[in-house]
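Below is one structure, written out as structure tokens; the observations come after it.
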Amino acid sequence: MNPDVRKLCENKITKLDLIDETAPEFNVNDTKGQTVSLSDLNGKVVLIDFWATFCPPCIAELPNIKRLYSEYHGKGFEIVGISLDGDDSVVARFTEQSKMAWPQIVDQQDVEALRKKYHVDTIPSLYIIDRKGNLRWGDIKNADAEKAIQLLLKEDPADLS
């Protein structure tokens, strides 16, 4: 078997092992110096978006991600961007110009730690976490992300305990 194909398959299997488990925690600073902690987002549906400004497919997905944020944020939906750019100023400028209202994680050390925890080899990589903090979808595509978000937002909050 081709070693690259083997690595890709092994990565997919490793990601599948994360599904329906408690999502890997993080407690990091965003580009504005604010602390972003996954546990602080319990009770919300969270999309984690691994992306970069130099990634054409990431930029192509941005209008849909912005639409999802606009449509569902007021209903208990959050996004956390994990940028592989490595430069706060590039990401801050880009997110401001693009009107991306959600927190962005850029610190190289934090980003690399999160890439390992979530087994991210390629971008864009989208993960969806339910209101209980469980990872429900990994490497989901935009077309399916909205359906997943709608489904998770409909879950009865009384079931969260």
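Predicted, not measured: the structure shown is a model, and the values here were computed from it.
Side-chain contact between Ile59 and Phe94: present, with at least one pair of heavy atoms (C-beta onward) separated by less than 4.5 Å. Residues Leu62 and Met100 form a side-chain contact, since some pair of their non-hydrogen atoms from C-beta on lies under 4.5 Å apart. Contact of the Leu126 side chain with the Ile65 side chain is registered, since non-hydrogen atoms from C-beta on lie closer than 4.5 Å. In this structure the side chain of Val120 reaches within 4.5 angstrom of the side chain of Tyr127, judged on heavy atoms. Counting heavy atoms from C-beta outward, Leu153 and Tyr72 have side chains that approach closer than 4.5 Å.
The nearest pair of heavy atoms linking Ala145 to Leu68 is CB-CD1, 4.4 Å. Between Val91 and Ser83 the shortest heavy-atom distance is CG2-OG, 3.2 Å. Taking every heavy atom of both residues into account, Gly133 and Asn42 meet most closely at CA-OD1, 3.7 Å.
The distance from atom OG of Ser125 to atom CG of Leu84, rounded to the nearest 0.5 Å, is 9.0 Å. With rounding to the nearest 0.5 Å, the separation of OH in Tyr69 from CD1 in Ile79 is 7.0 Å. Note that the CG atom of Leu38 and the NZ atom of Lys44 stand 12.5 Å from one another [nearest 0.5 Å]. Distance check: Thr35 OG1 to Asn29 CG gives 4.5 Å after rounding to the nearest 0.5 Å. In this structure, CD1 on Ile140 lies 8.5 Å from CG on Leu47, to the nearest 0.5 angstrom. Considering OG1 of Thr22 and CG of Asn134, their distance stands at 5.0 Å, rounded to 0.5 Å.
For Glu96, the CD atom counts as loosely surrounded, since its 6.0 Å shell holds 12 or fewer non-hydrogen atoms of other residues, nucleotides or ligands.
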Would you be so kind as to tabulate the donor-acceptor pairs closer than 3.5 Å made by side chains of residues 101-110, with sequence neighbours excluded?
residue: Gln104; atom: OE1; partner: Trp51; partner atom: NE1; Å: 2.8
residue: Asp107; atom: OD2; partner: Gln109; partner atom: N; Å: 3.2
residue: Asp107; atom: OD2; partner: Asp110; partner atom: N; Å: 3.1

Check the pair Phe54 / Val90 against side-chain contact (heavy atoms from CB on, under 4.5 Å), numbers first and verdict last. CA-CA 10 Å; Phe54 57 79; Val90 168; over 6 Å; no
Could you check Glu112 against Arg115 for salt bridge (Lys or Arg N to Asp or Glu O under 4.0 Å), going step by step and ending with a plain yes or no? CA-CA 5 Å; Glu112 287 307 311; Arg115 283 182 73 182; 3.5 Å; yes
Could you walk me through whether Leu41 and Val80 pass the side-chain contact (heavy atoms from CB on, under 4.5 Å) check? CA-CA 10 Å; Leu41 299 173; Val80 176; 3.9 Å; yes
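A donor-acceptor pair under 3.5 Å is absent between the side-chain atoms of Ser98 and the main chain of Thr95, judged by distance alone. No donor-acceptor pair closer than 3.5 Å links the side chain of Lys99 to the backbone N or O of Lys66. Side-chain N or O atoms of Asp87 include one that pairs as donor or acceptor with a backbone N or O of Ser89 at under 3.5 Å.
Taking the six-membered ring for Trp and thresholds of 30 and 60 degrees, Phe50 and Tyr118 have ring planes inclined between 30 and 60 degrees apart.
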